[in-house]
Protein chains: 2
Amino acid sequence: MSPSLVYLVDDDAAIRDALAWLLRSRSIQSRSWDSAEAFLRDYDATMSGCLILDMRMVGMTGMELYEQLRARGCAMPTIFLTGHGDVPLAVKTLKRGAFDFIEKPFNDNELVDRVLEALQQEESRRWRDADRSQTEERLATLTEREKEVMACILAGKLNKMIADELQIAMRTVEVHRARIFEKMGVRSAVELAQLLSAHSSNGSR
Amino acid sequence: MSPSLVYLVDDDAAIRDALAWLLRSRSIQSRSWDSAEAFLRDYDATMSGCLILDMRMVGMTGMELYEQLRARGCAMPTIFLTGHGDVPLAVKTLKRGAFDFIEKPFNDNELVDRVLEALQQEESRRWRDADRSQTEERLATLTEREKEVMACILAGKLNKMIADELQIAMRTVEVHRARIFEKMGVRSAVELAQLLSAHSSNGSR
DNA sequence: GTGGTTCTTGCGGAAATCCACAATGGCGGC
DNA sequence: GCCGCCATTGTGGATTTCCGCAAGAACCAC
C-alpha cells in the first residue's frame, strides 16, 4: 500500500509552494496538483493520507472535487482552504464530512496540527478498513448455499431447523457449516457472529 | 418518557417569541428559557428533542451551556444561533458535535428544516439508546461469576475449557451459562455475541 | 435462627454438534 | 471424455450441550 502523505490541490502556485515547504519543514511528505482535474486524473484508490483542497479554483472547485472523490469511494480526511469563506459555506462543507475548513491566511502551526490529526485519523481508518476488506474477501469465497446456511446460523437456528428450512439433510448442513467456519477463519458460531457484527456496524456508519 | 420538543435558550425576548411563534406555526412544540443558567436549573436527563441555543448571551454562553449539558450526558442535537459568527467559530462549534450553526437573521424555512432533521435524528438515537440501556440493565443483573463465564463464552471457549480455567465443575458452568442466557434474554451464544457486539460498537461511538 | 441469594456439584438422559470415511450427481472448462 | 468444484447424503462414533432433579456450603439480612 502507499504510505500516508498529504495531497495538495491549489491553483495558486505560491500557496502550493508555501504549503509544501511548510509540511516538508515538519517532515511531512506531500504532493501537489494545480487543478482538481489534474488530481482526478492521477487519483487512484490506493492513495492514502489526507487532502488539502482549495475551495475556489478555476474549473472544478474543491467541493466538486471532493464530491467526485467520495463518489469513487475515497474516504481520505479533507481539509479545505478558502480565501473568501463565509459561515454558511463552512457549515455546509463540514456537514458534508470535511475534516476541517480553514481560512487563508492560515496559521502555520495550526494547519500542521490539523494535518497531523487528519493523518492520524486516516491511519486508524485504514486499520479498520483492512479488517473489513479481509472479511469481505472471505465472504466473497462463500458459495450461495453457504451464505444461506450462514444466515440461518446467525439467526441462531439449530442445524435441524436449517435442514428443515432449506429442505436438505442435516449432514449437508453440517458440511456447509464446517466449510463456512473454515473459509471465514473462525472456530465457532460465536466468533462468526462477532466478526460479522463488527463488520456491519462499522460498515453502515 | 418526555415527548420530543424544542428547547429554546436565548436572552433576547424578541428572538424567543419569534422562534416560538414560527415553530408553533409548523406544529412543533417548544419551550423557552431566557438564560443558560435558567435552563441548566430546569434540565433533567429525561428531556428529549433538540436544543436551539444562542451563542452570545449575558452570563453563560451557548457553548458553555452545551459543554455543561454534554458533561451531564445530554446528547440532544443542538442548533446554535449567532448574530456575530465567524468561520473559525462555526468550525469549532461543529467539530465539537453541534448539529448546526446558523447566523441571524435566519431564513424561517431553512431553520424549520434543520429543526425537523434534528428532531428526527434524536428520534432514532433514542431508539438505539433504549436498546442499549436495556442491555445495560440486563448486564447489571449478572453476578460476578456469571460475567466471568460470559467472557469465556464470548471468547468462544467450550464449557470444558471454561470449567478448567475457572477451576469449577462443568455442571456449574452449564448452570451459569443457562442463567446468563435467561437473564440476557437470548437463546444461544450466537445471539449473545450479536447483542453485545452491537452494544459495544454503538457505545464506543 | 430463618430465609434469600449465590456458587457449587452430581447423576443421567435426550438432543445436538463435530468429524472421518465414503459416495453420487450436476455443471462448466480444457 | 476427464477434472475440478459444488451440493448432496449416509453411517457411525466421539464429544458436547442442554436440562430436570436434588442438594450442600457460604454469606448476608431481618
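Naming convention: chains lettered A, B, ... in sequence-line order (proteins, then strands); numbering from 1 in each chain.
For the pair Lys95(B) and Phe101(A), the cation-pi test (distance below 6.0 Å, angle within 45°) is failed.
Straight-line distance from the CG atom of Leu142(A) to the P atom of dC5(D): 16 Å, rounded to whole Å. Nucleotide dT16(D) holds its C1' atom 17 Å from the NZ atom of Lys157(B), rounded to whole Å. If you take CG of Leu158(B) and C1' of dA14(D), they are 14 Å apart, rounded to a whole angstrom.
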### Query
When you look at Leu139(B) and Met184(B), which way does the side-chain contact (heavy atoms from CB on, under 4.5 Å) test go after all the steps?
CA-CA 7 Å; Leu139(B) 276 177; Met184(B) 297 302 294; 3.8 Å; yes
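Within a heavy-atom distance below 4.0 Å of DNA chain C, the residues of residues 168-182 of chain B found are Ile168(B), Ala169(B), Arg171(B), Thr172(B), Val175(B), His176(B).
A salt bridge links Glu117(A) and Arg114(A); the closest N-O separation between the charged side-chain nitrogens and carboxylate oxygens is under 4.0 Å. Under a 4.0 Å N-O distance rule, the pair Lys104(B)/Asp10(B) qualifies as a salt bridge. A salt bridge between Arg70(B) and Glu67(B) is absent, with no side-chain N of the basic residue lying under 4.0 Å from a carboxylate O of the acidic one.
Nucleotides of DNA chain C with any atom under 4.0 Å from a heavy atom of chain B span, from 5' to 3', dT6(C) to dC11(C).
Looking at residues two or more places apart in sequence or on another chain, you find a ring-ring contact (aromatic ring centres under 6.0 Å, His included) between Tyr66(A) and Phe80(A).
Taken to the nearest 0.5 Å, the CG atom of Leu53(B) stands 10.5 Å off from the OG1 atom of Thr93(B). To the nearest 0.5 Å, the span separating CD on Glu182(B) from OG1 on Thr141(B) amounts to 9.5 Å.
Within the structure, every side-chain polar atom (N or O) of Lys160(B) is placed at least 4.0 Å from both OP1 and OP2 of dT15(D).
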